[in-house]
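Structure first, commentary second.
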Amino acid sequence: MSTLDYSTTPLMEFGAYSIKKAGSLCVEKLAAKNLLIVTDPGVGKAGLLAPLEKSLIATGLTFEIFDNISSDPLEMEVLEGALKAQKHSCDGIIGIGGGSPMDAAKAIAILVKSKTPIQDLYGLGRVTEGRVPLMLIPTTAGTGSEATNYAVITTPMGEKISITDPASFPDIALLDPTLTVGLPQHLTAATGMDALVHAIEAFTSKGNKSEFSDRDAIKALKLLWKSVPKATKNGEDQTARTDALMGAYLAGQAIANAPVGGVHALAYPLGGLHHIHHGLSNALLLPPVLRFNAPAAAPLYAELGEAVMPNLTGSVEARSETFIKALEDMILECGLETRLSKIGLTESHIPELATEAMKLERLLVNNPREISQLDCTKIYESIL
């Protein structure tokens, strides 16, 4: 009898204005009294820290704020955050924001307890000293970091590496869709496409794909398919914001068990080398990578297409292509760029991008079709 390894965040609190419960959850579930809030400057400017601070103060908790996190969290920022937590004797961490602050919070929570250099924590299952209690609060419907066991950090060399370990799951994921209402249109679109890519790559992953990850991926795709364009067009649409946030969480849960593949492998160098937003990078690479994969994955893409377009007809190949074309149309509808040249890249950048993508074997191994460096080059060239 075969066994199945399926992991997820132990506790998820979901609902409008659930941010008001943050303080009581810290007391009752984390047993934390003095917290480090990890975020980025934009979260504070948007006024999203205020309800969190109010909840913590109301329950008698003390806290420090560390908001020095970049759009791609840097190793030195994570180390700085861990030092601040240690300096102020913080016994719990709250990460609030998009994927970057949440990933940084994961790493900081681990480093506070670890005597191991951060470089030795990168990779799979290398955390041996645990971490301090951790709560994650997403303010975007995108990365699903609150549901994953990955903490992706950018090294001084510009390489994006993950601390992949059960310790990277938070103790609590607090999902309040009202925190996503003020997100600008372009970020709503980019983060939403990131979540869509998670659902698609989990469903086609060669790494630990199961009926449970498939269930999460399909449900996520259905929620995101309708909600992302609606939330992009009307940021005040509460139903769309709620569905997108739950879709992102489920997609994150899916990739925590059935890891991502080629789209992410080719997208990461755009962020690491050129600081292109991760969601936009994924949106750029999604159609060409799916078309490259189609000879091996067309039946799976056709199945995904049928899940969101019930009247889909034609051969497996035709249904697969219709699904990919619909994704292209959605990317355009959401106002995202589709060409590398439109974001400042030229043909001269492609060799380095392809070289860096091939270093991400941990992701490429999950792709439904093997990708060579020449394949990477051609894929990048196809969207130049």
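Scope of the values below: all heavy atoms of this structure, side chains included, with no hydrogens, waters or symmetry mates.
With salt bridges taken as basic N to acidic carboxylate O contacts below 4.0 Å, one links Asp171 and Arg131.
Leu25 and Leu179 fall within a single hydrophobic cluster, where Ile, Leu, Val, Met, Phe, Trp and Tyr side chains are chained together by heavy-atom contacts under 4.5 Å. In the hydrophobic clustering of ILVMFWY residues, with side-chain heavy atoms under 4.5 Å counting as a link, Val43 and Met102 come out apart. One hydrophobic cluster holds both Ile96 and Leu35 under the rule that ILVMFWY side chains link at heavy-atom gaps under 4.5 Å.
Counting only heavy atoms from C-beta outward, the side chains of Lys106 and Leu136 approach each other to under 4.5 Å. In this structure, the side chains of Thr191 and His277 come closer than 4.5 Å at one or more pairs of heavy atoms. Contact annotation: the side chain of Glu328 approaches that of Arg291 to within less than 4.5 Å [non-hydrogen atoms, C-beta and beyond]. Side-chain contact between Leu121 and Ser114: present, with at least one pair of heavy atoms (C-beta onward) separated by less than 4.5 Å.
Within 6.0 Å of atom OH in Tyr17, 12 or fewer heavy atoms from other residues, nucleotides or ligands are found, so the atom counts as exposed in its surroundings. Taking a 6.0 Å sphere around CD of Glu347, one finds it holds 12 or fewer heavy atoms contributed by other residues, nucleotides or ligands. No more than 12 heavy atoms of other residues, nucleotides or ligands shown are found within 6.0 angstrom of CD on Glu370. Within a 6.0 Å sphere centred on CE of Met358, heavy atoms belonging to other residues, nucleotides or ligands number more than 12.
When the ring pair (Phe, Tyr, Trp, His ring centres under 6.0 Å) test is applied to His349, the partners found at least two apart in sequence or on another chain are His274.
The closest donor-acceptor contact from the side chain of Ser100 to the backbone of Ser71 lies under 3.5 Å. A donor-acceptor contact shorter than 3.5 Å links the side chain of Gln86 to the backbone of Val112. A donor-acceptor contact shorter than 3.5 Å links the side chain of Asp165 to the backbone of Val127. At least one donor-acceptor pair closer than 3.5 Å links the side chain of Ser168 to the backbone N or O of Ile163.
Other residues sharing the hydrophobic cluster of Met157, ordered by chain and number and joined by side-chain separations under 4.5 Å: none, the residue standing alone.
Classification of the His278-Tyr268 ring pair by plane angle, with boundaries at 30° and 60°, yields parallel.
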